[in-house]
Amino acid sequence: MLITFFYDMNRLLEFIKKYNYWFLFVLLEIIGIIMLFRFNNYQASVYLTSANAVSGKLYDMSSAVTSYADVKEQNRELTRQNILLERQVAQLRLKLEKINGDKEYIDSKEKAMASLDGYTLLDAQVINATTSKVRNYLTINKGYKDGVKPEMGVVGGRGVIGIVYLTSAHYSLVIPLLNEKSNLSCRIRDRGYFGTLSWSGGNTQTAWLNDIPRHARFKVGDYVVTSGFSSVFPEGMYVGKIEKVYYSADGLSYQCLVRLGTDFGKLRDVNVLLNPHLMEHKAVEDSARIADLKEIN
Amino acid sequence: MILQLFKLVGITIILLLTQSLVLNHIHFLGYATPLIYVYAVLKVSRFTPRWQQLLFGFFIGWAADTFTDTMGVSAIATTALAMFMTPTLNLFVDADNNDDFVPGTDTMGWSAYARFLFMAVLFHHIIYFLVEAFSFSDWSGMLTSCMASVVFTCALILAIEAAFAKRR
């Protein structure tokens, strides 16, 4: 083994001896190149610009790979941010309306909005969903142990999703807008007119906004937002955009085809609106309803 | 041998001084600048050890850079010239010729020497101007400068050869 080692070393030395001028050539060229970049601003700047472009591209590719690992967390954060920003926009619109609009009307709305403040957002993921049926449901991975209660609202980055129907310890069933049992109180933004959003099957990207009065002034492209009249969603949460307008069957109101903001075909990250006063609000409303029924009977 | 060495050193010094004091200020028609110092590299005898040729070429280039404030440009070009000078020379020499000689019109003849000179100078100047420009954005200007300088340099070197040949 030792003999083989010395033999190999000998061959290496002979190779170096035979081609020593090549090594010297490379060394001298390297020295020349170092002098070139060290003492010449122009060549150094061209080199740095190209090097920056190359290294920048490499860092870009590396970042694309590593950022993919963070995309889940970023998605959740973005969804939450989007919802908070929507709320901010709604509040700013209200302030603007206050400056320009009817004070009495605005005051009552402001009180309603103030009473619905205090929502907190709970991150959740949709773990199961159907969209092909008339009564579709979503399952999310948060339950009553996380603070979720029935009739809490569920929203996503692109708008309202639905209402919690049933809860277990760690999971909840949500009735989305794509369910014939869903009836969401909405209004046409900046116009003030109210209606009820419902879905009766068919296209999963559109729903119907009913009971818009015939005297209402609005146009195709207007935004539809939550009215704030239910205890589930605060006022001003984005629902969709008016795509077409028809007369209702009885001709007494408009029926608007609304293109929904949320794509129910690819739901993943959602937020549950935890309203600590939900039960109290519901109790008051239920009491009033019961009292009305007793009077009728 | 010692005499030849002194002769080579003397030629080198004269060429470097001529280059820095006179020729560096010549830009014929805005393009051509003769780089006469390569003549010193071409005056090394055929069978000089390659490592000596390389070191010599590097120092000539480095010295020329010192006077032109383009550190590294000439060093890179003349080192490359020194490396490939012998194989280039062998292209213009008979295969069975194993004599050691200094390339010149008196040892190779005008035709062979002129062709060898053109090839060697062209090789050097291409590398020089490429490294100096360091970009292909104005490749036509660079090419024009390169070819004009090659012609000017070759003409000067042949003139020197003719002058020395006449004196013999």
Side-chain angles (χ1 to χ4, degrees), chain A residues 1-70, chain B residues 35 37-38 41 44-90 123-124 126-139 141-142 145:
Chain A
M1 195 167 168
L2 208 60
I3 294 169
T4 317
F5 173 74
F6 279 121
Y7 178 67
D8 289 338
M9 284 304 294
N10 205 30
R11 282 181 72 183
L12 179 67
L13 286 168
E14 287 211 3
F15 174 79
I16 293 170
K17 212 171 157 185
K18 189 178 175 189
Y19 296 106
N20 63 354
Y21 56 88
W22 276 106
F23 294 110
L24 182 62
F25 170 65
V26 169
L27 176 68
L28 290 173
E29 288 289 357
I30 288 171
I31 293 171
I33 289 166
I34 291 169
M35 286 198 301
L36 181 73
F37 292 125
R38 175 96 165 74
F39 296 107
N40 295 284
N41 290 334
Y42 169 68
Q43 278 84 355
S45 68
V46 171
Y47 166 72
L48 278 173
T49 306
S50 308
N52 278 343
V54 170
S55 64
K57 187 77 187 163
L58 280 170
Y59 285 134
D60 227 357
M61 285 162 61
S62 163
S63 164
V65 171
T66 54
S67 70
Y68 187 70
D70 299 330
Chain B
L35 303 173
Y37 59 86
V38 302
V41 182
V44 174
S45 66
R46 185 185 175 196
F47 290 140
T48 303
R50 298 287 280 274
W51 67 271
Q52 288 180 13
Q53 288 181 7
L54 283 168
L55 283 174
F56 184 61
F58 177 80
F59 281 113
I60 288 179
W62 175 72
D65 280 331
T66 309
F67 290 114
T68 54
D69 205 22
T70 53
M71 285 308 283
V73 179
S74 297
I76 291 171
T78 49
T79 307
L81 173 65
M83 181 66 186
F84 296 104
M85 197 194 79
T86 305
T88 308
L89 181 61
N90 290 337
F123 179 74
H124 171 269
I126 284 173
I127 295 175
Y128 180 91
F129 282 96
L130 266 175
V131 172
E132 194 193 32
F134 217 64
S135 149
F136 287 106
S137 57
D138 184 25
W139 61 271
M142 185 191 73
S145 296

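Lettering follows sequence order; numbering is per chain, from 1. Given the structure is predicted, the values throughout are model-derived calculations rather than measurements. Just so it is clear, the values below take in all heavy atoms, side chains as well, and ignore hydrogens, waters and symmetry mates.
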(message) Between B/Phe58 and A/Leu24, is the side chain to side chain contact (heavy atoms under 4.5 Å, CB included) condition met? List the steps.
(response) CA-CA 11 Å; B/Phe58 177 80; A/Leu24 182 62; over 6 Å; no
(message) In the structure I gave you, are the side-chain heavy atoms of B/Ile76 and B/Tyr128 within less than 4.5 Å of one another anywhere?
(response) no
(message) When you compare the side chains of B/Arg50 and A/Asn20, does any donor N or O come within less than 3.5 Å of an acceptor on the partner?
(response) no
(request) Sort A/Ile33 into side chain, backbone, both or neither according to what part of it lies under 4.5 angstrom from a heavy atom of chain B. (result) both
(request) Kindly check if the number of other-residue, nucleotide or ligand heavy atoms within 6.0 Å of CZ (B/Phe59) is above 12? (result) no
(message) At under 4.5 Å between heavy atoms, what parts of residues 79-86 of chain B are in contact with chain A? List them by residue number.
(response) B/Thr79, B/Ala80, B/Met83, B/Phe84
(message) If we ignore hydrogens and angles and just use 3.5 Å, is the side chain of B/Ser74 paired with the main-chain N or O of B/Thr70 as donor and acceptor?
(response) no
(request) Output yes when a side-chain donor or acceptor of B/Thr48 lies under 3.5 Å from a complementary backbone atom of B/Val44, and no otherwise. (result) no
